[in-house]
Student: 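Have a look at this one before I ask anything.
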There are 2 protein chains.
Amino acid sequence: MTQLATSTERAVDALRELVLGGEFAAGARLGEMELAARLGVSRTPVREALTRLAAEGLVELSPNRGARVRAWTATELEGIFDLRTSLEPRLAALAVPNAGPEDVATLARLADEMLRVGSPGPGQDLDGIVPLNREFHGTLVALADHPALASALAGAVHAPIVLRNFHTYDEASLRRSLAHHVEIVDAVRAGDPEWAQAVMTAHIRNARAVMVRAAKHQATRQASTRQAGEQEAP
Amino acid sequence: MTQLATSTERAVDALRELVLGGEFAAGARLGEMELAARLGVSRTPVREALTRLAAEGLVELSPNRGARVRAWTATELEGIFDLRTSLEPRLAALAVPNAGPEDVATLARLADEMLRVGSPGPGQDLDGIVPLNREFHGTLVALADHPALASALAGAVHAPIVLRNFHTYDEASLRRSLAHHVEIVDAVRAGDPEWAQAVMTAHIRNARAVMVRAAKHQATRQASTRQAGEQEAP
DNA sequence: TCACACCTGATTGTGTGCAATCTAGGATCC
DNA sequence: GGATCCTAGATTGCACACAATCAGGTGTGA
């Protein structure tokens, strides 16, 4: 299942991972020729990949001016978290009755893994949490089995960007976030939708507090000292 | 503002209108060459238009097998209306404080127009409601000024499909729906977010009842007599 | 010295050709 | 007679070439 049929799909996936992995800074230009060379395909699949990722909200497309990695203002982030607050807890609740023992096991494994690689100390690997976290939330979304809700989230949250940077968490918030994952698993195991819903609400609000603070901080820093980074949004 | 810069954008808009206008049946095949000839461009912009509309959810793309107009099951429709119920009322409430006198005038004009062309009797033009309705809801979305919420709706509702067919309304539901529009305008004019929110909730639930019934009816009809329509989903 | 116009290099937008893949129909074998 | 294989036609996927557009730098004039 790893071997994808078309070059386009491979390009989409590769490019998505590149952006999600933080390979490109927010606002960085994405030249078609450069990407084509990097991915080993022609411009045609790259172009289609950019179109799809633009639809996902990962990149921004302006006519005749190419693609850039999407950047987010503090206001937009607040809106996104506002939305997540109203959607994801419901999703978690919906997931509970649909979760079988093996699903619980999967979620538990992911939560434990995140706890392991995320806890402060030697061996902490903040970048390692990102894919685990994505899979955790993705599993819940799949279990909820509500396509409309799922695509609404996908359409607005562009989750990857939001979930990308665990480096912005302070230690208390990070510990809390990791504990939430474990607690959600317990709620699912106990078959208690309202518990899961409540913890998920707290989980999102916690993340919101961290992200909004970080975005504001970043904004003021950019305003005061305009660093000459190689790639910058105009 | 009508003159779009690139052929691709023109192709996207033209194709969207074609699908929304019911030019193609649900599940109908959309050949690249056929569309290219019809729109007067080459396959390249058509191809890009198809990927964009696929991202919007209007068409479905399968590798090496081309594009088809997206079809919806009754379950999916229920999910979509479930979502709209939780998002659009909030959106209406958010729009209220941002609406100036000219916005109210615009909404009032649209509501009146819909009442005029939609009321049963001579001169009724059900197809004429569609663009007005889209503009009405679109205006509210814009006024709410909540990008994340807006794109969540856009991502899941694929509103056009849902709003496409006013022919499925029975007379009572249609009258009620048209009355809702007027009442929403009054709520906005009165500056009462909760009123607007409540009416919008009723509005969506009313539409939901009509659509879900229609979808189920259609499903049973298709199951019993498989009509040999020119275009059919396989 | 500043403002404006022009020009050039680079990048994107679009058209077209060829190879790969899929669908449909008929022939062959069991 | 039914199922399978094979072939032919059509369609999509991808690459490349050319045209259109944009950004940055340079030169000229006030």
Side-chain angles (χ1 to χ4, degrees), chain A residues 1-16 18-19 24-25 27-55 58-70 226 228-234, chain B residues 1-16 18-19 24-25 27-55 58-70 226 228-234:
Chain A
M1 63 176 165
T2 56
Q3 186 76 354
L4 284 150
T6 68
S7 306
T8 298
E9 293 180 48
R10 264 176 292 138
V12 170
D13 282 14
L15 191 49
R16 189 190 288 116
L18 247 46
V19 173
F24 302 103
R29 256 190 103 267
L30 299 170
E32 295 181 1
M33 298 200 315
E34 175 198 341
L35 293 173
R38 185 158 186 168
L39 303 177
V41 294
S42 87
R43 276 177 54 213
T44 309
V46 169
R47 175 169 266 281
E48 201 163 323
L50 287 172
T51 308
R52 292 202 200 174
L53 293 184
L58 279 178
V59 307
E60 228 166 4
L61 240 50
S62 32
N64 284 317
R65 300 185 54 190
R68 311 190 86 93
V69 177
R70 183 88 152 80
R226 186 163 296 276
E230 188 219 340
Q231 300 154 323
E232 191 178 357
Chain B
M1 61 174 165
T2 57
Q3 187 76 355
L4 284 150
T6 68
S7 309
T8 298
E9 293 181 47
R10 265 177 291 138
V12 171
D13 281 15
L15 192 50
R16 190 190 288 116
L18 246 46
V19 173
F24 302 102
R29 252 188 109 269
L30 298 170
E32 295 181 359
M33 298 201 315
E34 174 199 342
L35 292 173
R38 185 157 186 168
L39 302 178
V41 295
S42 87
R43 277 176 53 214
T44 308
V46 169
R47 176 170 264 283
E48 198 161 326
L50 286 173
T51 61
R52 291 203 201 174
L53 293 183
L58 278 178
V59 307
E60 229 165 2
L61 240 49
S62 33
N64 285 317
R65 298 184 55 189
R68 311 188 86 94
V69 177
R70 182 88 151 81
R226 186 161 297 276
E230 188 218 342
Q231 300 154 323
E232 189 177 359

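On a predicted model such as this, the values are computed, not experimentally measured, just so you know. Each chain gets a letter, A, B and so on, in the order the sequences are listed, and its residues count up from 1. Scope of the values below: all heavy atoms of this structure, side chains included, with no hydrogens, waters or symmetry mates.
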Student: May I have the distance from B:Arg10 (atom CZ) to C:dG13 (atom C1'), rounded to whole angstrom?
Tutor: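 Taking CZ of B:Arg10 and C1' of C:dG13, I get 11 Å after rounding.
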Student: Give the rounded distance in Å between these two atoms: CD of B:Glu9 and P of C:dT12.
Tutor: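 Whole-Å distance recorded here is 16 Å.
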Student: Grab the CD-P distance between B:Glu32 and D:dT11 for me, whole Å please.
Tutor: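 So the CD-P distance, B:Glu32 to D:dT11, works out to 10 Å.
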Student: Map B:Asn64 and B:Thr8 onto DNA chain C by nearest heavy atom, then report which one ends up closer to the 5' terminus.
Tutor: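 Checking each residue's closest nucleotide, the 5'-ward one belongs to B:Thr8.
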Student: Can you tell me if B:Ser42 touches the phosphate of C:dG15, counting only side-chain N or O atoms and a distance under 4.0 Å to OP1 or OP2?
Tutor: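 It does, given that an N or O in the side chain of B:Ser42 lies less than 4.0 Å from OP1 or OP2 of C:dG15.
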Student: Does A:Glu48 pair with B:Arg47 as a salt bridge, N-O distance under 4.0 Å?
Tutor: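 Counted as a salt bridge, because a side-chain N and a carboxylate O are separated by less than 4.0 Å.
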Student: Quick one: A:Leu50 CG to C:dT11 P, roughly how many Å, whole number?
Tutor: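 Roughly 14 Å, once rounded to whole Å.
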Student: I want to check one thing: is the phosphate of D:dG13, taken as OP1 and OP2, less than 4.0 Å away from some side-chain N or O of A:Thr6?
Tutor: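 It does not, given that no N or O in the side chain of A:Thr6 lies less than 4.0 Å from OP1 or OP2 of D:dG13.
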Student: Ignoring hydrogens, what is the shortest heavy-atom contact between B:Ala11 and B:Pro45? Give both atom names and the distance.
Tutor: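 Distance-wise, the nearest heavy atoms are CB-O, 4.2 Å.
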Student: Give a yes/no answer on whether the side chain of B:Arg29 brings an N or O atom under 4.0 Å of OP1 or OP2 in D:dT12.
Tutor: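 Answer is yes, contact under 4.0 Å.
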Student: Starting from the 5' end of DNA chain D, give me the residue, A:Val41 or B:Gly66, whose nearest nucleotide shows up first.
Tutor: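 Closer to the 5' end of DNA chain D: B:Gly66.
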Student: How long is the gap from OG1 on B:Thr8 to CG on B:Leu15, to the nearest 0.5 Å?
Tutor: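 B:Thr8 atom OG1 to B:Leu15 atom CG measures 12.0 Å (nearest 0.5 Å).
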Student: Between the side chains of B:Asp13 and B:Arg10, is the shortest nitrogen-to-carboxylate-oxygen separation below 4.0 Å, so that they form an ion pair?
Tutor: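 No salt bridge links B:Arg10 with B:Asp13.
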Student: Starting at the 5' end of DNA chain D, which residue's closest nucleotide do you reach first, B:Met33 or A:Arg43?
Tutor: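 This one resolves to B:Met33.
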Student: Once you round it to whole Å, what is the distance between P of C:dT23 and CZ of B:Arg68?
Tutor: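 Atom-to-atom, B:Arg68 to C:dT23, this comes out as 10 Å.
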Student: Can you check the A:Glu48 CD to C:dT12 C1' distance for me, whole Å?
Tutor: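 A:Glu48 atom CD is separated from C:dT12 atom C1' by 16 Å.
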Student: Given C:dT23, is OP1 or OP2 found less than 4.0 Å from the side-chain N or O atoms of B:Arg65?
Tutor: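 Yes.
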Student: Which pair of non-hydrogen atoms, one from B:Pro63 and one from A:Glu9, has the smallest distance, and what is that distance?
Tutor: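 Looking at all heavy atoms of both residues, the closest pair is CG-OE2, 3.4 Å.
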Student: Is A:Arg47 near enough to C:dG13 that one of its side-chain N or O atoms lies under 4.0 angstrom from OP1 or OP2?
Tutor: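 True: A:Arg47 side-chain N/O within range (under 4.0 Å) of C:dG13 OP1/OP2.
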